Amino acid sequence: MELKFSTKCIYGNKAKLNGEPTGTISFPIYQTATYAHPEVGKSTGFDYSRLQNPTRQQLEKVVASLENGIDALAFSSGMAAITALMEIFRPGDHLITDADLYGGSIRLFNNISEKNGIEFSHINCSKEDVESYVRDNTKAIFIETPTNPMMNVVDIRKMSEIAKRHKLILIVDNTFLSPYFQNPLELGADIVVHSGTKFLGGHNDTLAGFVVTNSEEISEKMRFIIKTVGSGLAPIDCWLILRGIKTLPLRMEKSQENAKAIVEYLFSSDKVNKVYYPGIEGSEGYEICKNQARGFGSMLTFEVASKELAHHILKATRLIPFAESLGGVETLLTYPVTQTHADVPEDVRIANGITDCVLRMSVGIEDKDDLIADLKYAFDSYDGYKEL
Ligand SMILES: *Cc1c(COP(=O)(O)O)cnc(C)c1O
């Protein structure tokens, strides 16, 4: 029986799945480090929780089914997932990556992967001729779409055609739209990564990360890596993410609806210079996003008239917290320049458009009227505005 997305969020790929003798509806937290064996050469399938744990296995099955992958691996954070993934490459390998990525990924590539001998071309994959950067030693393309924080849309099918022509692995960080709105494996990607901390968990309370693939070979390599490096997700955190995923479709719909209302409000404000959201009709990425995703999500970025106004807004809101992270039920305002993208070299940051007037917003599931009233209050209480 092929289940629909919302059902899979609750039951994984088959209902009455877990075969628990007690009939427990909530999948149990198997808080154990090790497992007893009946005799030499026999195993229950579980040997030691660094390798696998039943709660982690259940979560991995659910996430694999949501991305239509053959395997998903759950890590202790999104960065742990991407760090483990980099172990499939060798010194001398070259990767093409988008220049506008989550700041932590850029920090990893520039400071750790490069030290380990991996070479990079950081380019604008939504604008530049990606194929012209392919070299003899190129092994993969790594993208996000929409990108963090500038919301550039990259054409996944186009990247996949280039990757297939040159036998490269296409890796897509699908954190921003979540599997509810976008499934890169179906568009030709080989690997999807997620920060499960964000929309999958959805409550700003648990860190997690995923690598999902539809390749047997990559799955086998990643299974070896997770058991060797030991960065798998702990049972209780697996349970929290499993619980979060049950409401993923409801949260994605509601937060997207709120985001659209906020985009409209921002457009109506004369204190906002630019709004970056892929769902704006006629905007650069709109058609591509519409063709490869089922929605535009609830992440948006906007530029205000001055740094002083940006700082004022972060201080003046009475409801919306000024905090890093995204994808939770709480709306958050982030200042990329000093937070998520502080470690991105200044020239790259400026080339990407991340100035000190840019704010990123992750829209949650509160009542949209309260969110707009809060923003309006923050904007309207700015005294310096008249002098601009
Ligand atoms: C947050 C984030 C990450 C890193 O995930 P953590 O769970 O914070 O380690 C990676 N990619 C994107 C797009 C993110 O937003």
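All ligand and atom numbering here is 1-based and tracks the order in the structure. The structure displayed is predicted, hence computed values, not measured ones.
The number of heavy-atom neighbours closer than 6.0 Å to CD of E257, taken from other residues, nucleotides and ligands shown, is above 12. Counting heavy atoms of neighbouring residues, nucleotides and ligands inside a 6.0 Å radius, atom CD of E128 exceeds 12 of them. Surrounding NZ of K376 are at most 12 heavy atoms belonging to other residues, nucleotides or ligands under 6.0 Å away.
At the top of the distance list for atom 4 (C) of ligand 1, counting protein heavy atoms only, stands Y102 CE2, 3.4 Å. Of all protein heavy atoms, the one closest to atom 13 (C) of ligand 1 is D173 OD2, 3.4 Å. In this structure, the protein non-hydrogen atom closest to atom 7 (O) of ligand 1 is T197 OG1, 2.6 Å.
Atom numbering of ligand 1 starts at 1 in the shown order; those under 4.0 Å from a heavy atom of L326 are 15 (O). Listed by atom number, the atoms of ligand 1 under 4.0 Å from N148 heavy atoms are 15 (O).
With contacts defined as side-chain heavy-atom distances shorter than 4.5 Å, the pair Y277/I262 does not qualify.
Heavy atoms of V193 found under 4.0 angstrom from ligand 1: none, in either backbone or side chain. At a heavy-atom cutoff of 4.0 Å, ligand 1 is contacted by the backbone of A208 but not by its side chain.
Looking at M79 next to ligand 1, an N or O pair under 3.5 Å apart turns up. For ligand 1, the polar-atom distance check finds an N/O of G78 within less than 3.5 Å of one of the ligand's N/O atoms.
With no hydrogens or angles considered, no side-chain donor-acceptor pair links H194 and S178 at under 3.5 Å. Side-chain contact of T247 with R251: a donor-acceptor pair under 3.5 Å is present, judged by distance alone.
Cation-pi geometry between K198 and Y102 is satisfied (NZ or CZ under 6.0 Å from the ring centre, within 45° of the ring normal).
Between the choices K198, E144, M299, the shortest heavy-atom distance to atom 1 (C) of ligand 1 belongs to K198.
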